*Asks:* 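Take a look at this one; I'll ask things after.
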Amino acid sequence: MNEADETVARAMSIAGESFIAASGPGGQNVNKVATAVQLRLDVFALRLQPQVFARLKTAAGSRMTAGGEIVLTARRFRTQEANRADARERLEALLRGAFDAPAKRAKTRLNRIGKEARIKAKKTRGAVKANRGKVEW
């Protein structure tokens, strides 16, 4: 079990859920049944490494509060169980994405011929621009 799996398991155990009335269409069912799920997770309780925390904060965007809580609301489905599973899947994807470090960018190396071609193209373009202007008759 790697670090991401352990963190996801710990996050799922400490995440708090509350059921709220969903908005939007749905007839009478939406008015009487609290099917939407609001999942809250205190990120500071996870004790993440600084670079992982920074990536998570960027990925969460406006879903992270100033107090370090991620709030996910799932209301796509008609049942609490489906919305609960959806919220947990989204939280897991968010956490796993934070553990994936971006690939390092390798510097490109230009050979001598490429440099000379670039300088020649710049000189040609400069000559074109220098020849612009009023024409003397």
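Both backbone and side-chain heavy atoms feed into the values below; hydrogens, waters and symmetry mates do not. Just so we're clear, the structure is a prediction, and the values are computed from it rather than from any experiment.
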*Asks:* Could you tell me which residues satisfy salt bridge (charged side-chain N to carboxylate O under 4.0 Å, His left out) with R55, sequence neighbours excluded, listed by chain and number?
*Replies:* none

*Asks:* Quick one: which residue pairs count as a side chain to side chain donor-acceptor pair (under 3.5 Å) with a foot in residues 93-105, not counting sequence neighbours?
*Replies:* D5-R96, E92-R96

*Asks:* Who else is in L46's hydrophobic cluster (ILVMFWY, side-chain heavy atoms under 4.5 Å, direct or via others)?
*Replies:* V8, M12, I14, L39, L41, V43, F44, L48, V52, F53, L56, M64, I70, L72, L91, L94, L95, F99

*Asks:* Taking C-beta and beyond as the side chain, do T65 and V71 meet within less than 4.5 Å on heavy atoms?
*Replies:* yes

*Asks:* The criterion is salt bridge (charged side-chain N to carboxylate O under 4.0 Å, His left out); which residues satisfy it with R10, sequence neighbours excluded?
*Replies:* none

*Asks:* Given E17, which partner from the list R88, Q38, Q80 fulfils the side chain to side chain donor-acceptor pair (under 3.5 Å) test?
*Replies:* R88

*Asks:* Looking at G67 and D42, what are the two nearest heavy atoms and their distance?
*Replies:* O-OD1, 4.4 Å

*Asks:* Spell out, as yes or no, whether a donor-acceptor pair under 3.5 Å connects the side chain of N83 to the backbone of T35.
*Replies:* yes

*Asks:* Taking only residues at least two apart or on different chains, which pairs with a member in residues 113-133 satisfy side chain to side chain donor-acceptor pair (under 3.5 Å)?
*Replies:* R112-E116

*Asks:* If a pair satisfies salt bridge (charged side-chain N to carboxylate O under 4.0 Å, His left out) and one of its residues is in residues 62-77, list it, with sequence neighbours excluded.
*Replies:* R40-E69, R76-D86

*Asks:* Would you name the heavy atoms of F19 and A34 that are closest together and state the gap between them?
*Replies:* CB-O, 3.7 Å

